[in-house]
Protein chains: 2
Amino acid sequence: MAALALGPAADTVYGGDMDIIATRLSDFCHSCSVRNRAICGGLHDDEIALLNNIGRRRTLRAGEQLSWEGDEAVLVANVIDGVLKLSTLTSDGREQILGLSYSSDFLGRPFGQTTPYDVEALTDAQVCVFQRAEFDRFAREHPQLEHKLLERTLTELDRTRKWMLMLGRMNAEQKLASFLLELSSRLAPGDCSSDDDALQSIELPLSRQQIADVLGLTIETVSRQIAKFRRDGLIDAPSRRQVTILDREKLEDRAVC
Amino acid sequence: MAALALGPAADTVYGGDMDIIATRLSDFCHSCSVRNRAICGGLHDDEIALLNNIGRRRTLRAGEQLSWEGDEAVLVANVIDGVLKLSTLTSDGREQILGLSYSSDFLGRPFGQTTPYDVEALTDAQVCVFQRAEFDRFAREHPQLEHKLLERTLTELDRTRKWMLMLGRMNAEQKLASFLLELSSRLAPGDCSSDDDALQSIELPLSRQQIADVLGLTIETVSRQIAKFRRDGLIDAPSRRQVTILDREKLEDRAVC
DNA sequence: CGCGATATTGAGGCTGCTCAAGCCTTGTGG
DNA sequence: CCACAAGGCTTGAGCAGCCTCAATATCGCG
C-alpha cells in the first residue's frame, strides 16, 4: 500500500540487475548527507553494502503518512531530510504530537510488534526505509549498528523526558518560547546541538494547529502567545510560516528552563 | 560516598577471597527474583559470572537518593525490588517526576556523560548497581546484553510517550484514574502487563505531593479528585497510603485513554 | 478576484491553581 | 497512657490562565 510503495528513485534503481543495484545503492549511502550522523555511521564498507540491499530511499510529500498507529510495525527508517511528526489520538479525537524527527533521526520500532504512533511528514522529506524484519535480522548480526541505535534511543528518551517536563510544568508562554528555541537549534544545518549555529530565521514546519498539538495547547493560545512575543519585540513573524528570533536572550528568559 | 557505599550484603561478600566472591555473587544472580525479566536474562552462566564481578547489591531506604542530576553518570543499575522515581526540578523549584522504575527495570544512562535526572527510592528498595564505565565495557563486549538493553529502552520510550500524552491532553480526573490503573498493573507481582492479575488493593508508594508531581498537578487537586472517586464509589481509601479499586470498569471510563 | 483554509482577535466561562484554615496521623516526651 | 507537636492531608473560597465559542482577517491558490 501507500506506506510501502517505493519512491521513484528506488523504482529506477531496482529496475537494473543485481550488481548494478548494489553499486547504485552504495552510491546512495556514500553520498548520503546523514551518513556519519545516522546510525549507519561507523559501519564498514561491506556492512554498508549489505544494509543497502535491504534499504530503500523514499520521498514523502508534506502531509504523507509513513505508517499507521497500531499497524503491525513493518517499517523502520532513517530520516535523511525534512521534518516528521510522531503523533497519537486521544479517545476524544484530539491529537497529541509525541515527538518530531529531524534529519539523521531514526524512526520506528525495531523488535516490537506494533507501531505505537502515527508518523507523518510535515515537510517534504526523504527517508531511508527498511522492512522491519530484515532490519531486525541485520541489527542482531551487527552489534555496532545495534549500539548506535541504543545510543540514539537513549538520547531520544532523554529528550522525550525533557519534553514531558515542559508539558507538565510550563505555562503557555514558557512552552512556546522553549519550542521556538528548540526548533531553531534542531533545524540548524549542522544539527549538532551546539547553540552557536542555531538559526535566527526559522521556516516553521508546522501549522499553528500542529504547534498547539505539540505543546498541549489550543490554536488560539498559540496565536496569542506569538502575538505577544511580537509586541514585546522578541520575535518577528513576517509570514505564517516564518519566525525570526530578534532577542534570543529574552526569549530564553521566557522559556525559563 | 553515600551513593557508592555498599550495602551490608555486598560488604560481607567482598570480605572473602576471590573464588568465594565469584561463587557467592553468582548465587545472588541465581536466586535473583528478576533474573529472567531484567536485562541479564538470556546471558550464559559464564557471562553472568563476569557480570557478577562488577555488580553489587545495594539496599536503599525510602527517600534515599541513588545519583544526582547533572553528576557525572557513574552508576547504572537494575531494580530488583521496590519503586524508585526519576525526577528533575524546574528552575522555579517545583519538581516534575519523569518516570517511575519498578522491579526489573533498568536505571541510569549508559554511554552518556551525565545523569539527566535525580533517582530516589520511594519505598525501601534493592538495586543491583554497576560502575557505569565497567558496565559500558561489558555491554560493548556482550551484544546479547546490549540487545536486551535496547529493547528495554525502546519500551521505556514508548511508555514515556504515552505519559506525555497524559500530561498534555488529560484533565485532572483522567490523569488520576490513569495513574491508579497503571500503578495497579505495574505493582502486580508478575509485573507482566496482562491486566488480569492487576491488583485491586494498592499500597501507594507515593505521597499526595509526589502523585501531584507525577501528574503535573497540585496536591490539592489530587486530594479533591481522590475524594470525588471515593464519593462516586469507584475506589476506597482506607488510609493515606492505601487505595482499593472498587469499580475498575468505571475507573477505566474516567481514564478515557 | 474570490473562495476555502488558516490564523487572529475578542468575550466569557470553567478548570485547576493559590492561599488559607482546619483535620488527621504519627511520633515523641512527660 | 495521654498531651502535644509536626507533617501530611483535606476542604473551602477566590482567582487566573487557558479553553470554548464566535466573529473577523489574512493567506494562498485556482
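Note that the structure is predicted; figures quoted are calculated from it, not measured. Lettering follows sequence order; numbering is per chain, from 1.
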Enquirer: Can a salt bridge be assigned to the pair B:D232 and B:K250 using a cut-off of 4.0 Å between side-chain N and carboxylate O?
Expert: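 Looking at B:K250 together with B:D232, the answer is no, because their closest N to O distance does not fall below 4.0 Å.
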Enquirer: Looking only at heavy atoms, which two atoms of B:R161 and A:L98 are closest? And how far apart?
Expert: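 Closest approach of B:R161 to A:L98, heavy atoms only: O-CD2, 3.2 Å.
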Enquirer: Looking at A:K85 and A:D213, is any side-chain nitrogen of the basic one under 4.0 Å from a carboxylate oxygen of the acidic one?
Expert: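 Not counted as a salt bridge, because no side-chain N and carboxylate O are separated by less than 4.0 Å.
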Enquirer: Considering heavy-atom distances to DNA chain D, does A:V222 or A:S239 have its closest nucleotide positioned more toward the 5' end?
Expert: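 Residue closer to the 5' terminus by nearest nucleotide: A:V222.
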Enquirer: Within the 4.5 Å heavy-atom criterion, are B:L167 and A:R169 side-chain neighbours or not?
Expert: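 They are not in side-chain contact.
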Enquirer: Provide, to the nearest angstrom, the distance between the CZ atom belonging to B:F229 and the C1' atom belonging to D:dT10.
Expert: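 From B:F229 CZ to D:dT10 C1': 17 Å.
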Enquirer: If every non-hydrogen atom of B:V243 is compared with every non-hydrogen atom of B:L204, which pair is closest and at what distance?
Expert: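 The pair with the smallest heavy-atom distance is CG2-CD1, 3.9 Å.
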Enquirer: Any side-chain donor paired with an acceptor under 3.5 Å for B:R248 and B:S184?
Expert: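 Their side chains do contain a donor-acceptor pair, which is all the 3.5 Å distance test asks for.
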Enquirer: Is the closest basic N to carboxylate O distance between A:E182 and A:K162 below 4.0 Å?
Expert: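 Result for this pair is no, no salt bridge flagged.
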Enquirer: Would you give a per-nucleotide map of nucleotides 12-19 of chain C, 5' to 3', where B means the base has a protein non-hydrogen atom under 4.0 Å away, S means only the sugar-phosphate does, and - means neither?
Expert: ----SSBB
Enquirer: Just how far, in rounded Å, is P of D:dC18 from CD1 of A:I219?
Expert: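 Taking atom P of D:dC18 as the reference, CD1 of A:I219 is at 17 Å.
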Enquirer: Is there side-chain contact between B:F130 and B:N78, with heavy atoms separated by less than 4.5 Å?
Expert: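 The answer is yes; the side chains approach within 4.5 Å.
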Enquirer: In whole Å, what is the span from the NZ atom of A:K228 to the P atom of C:dT9?
Expert: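 After rounding, the gap between these two atoms is 14 Å.
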Enquirer: Taking atom P of D:dG17 as reference, at what distance in whole Å does atom NZ of A:K175 sit?
Expert: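 Checked: the NZ to P distance equals 14 Å.
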Enquirer: Is there a donor-acceptor contact under 3.5 Å from the side chain of B:T123 to the main chain of B:V83?
Expert: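 Yes.
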Enquirer: Please round to 10 degrees the angle between the axis of the first five pairs and the axis of the last five pairs in the helix from C:dC1-D:dG30 to C:dG30-D:dC1.
Expert: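 The two end axes of the helix from C:dC1-D:dG30 to C:dG30-D:dC1 meet at 30°.
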Enquirer: Counting only N and O atoms by type, is there a donor-acceptor contact under 3.5 Å from the side chain of A:R240 to the main-chain atoms of A:S207?
Expert: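 No; judged by distance alone, with no hydrogens or angles, the pair does not exist.
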Enquirer: Can you pull every protein N or O that's under 3.5 Å from an N or O on nucleotides 22-25 of chain C?
Expert:
residue: C:dC24; atom: O2; partner: B:R240; partner atom: NH2; Å: 3.0

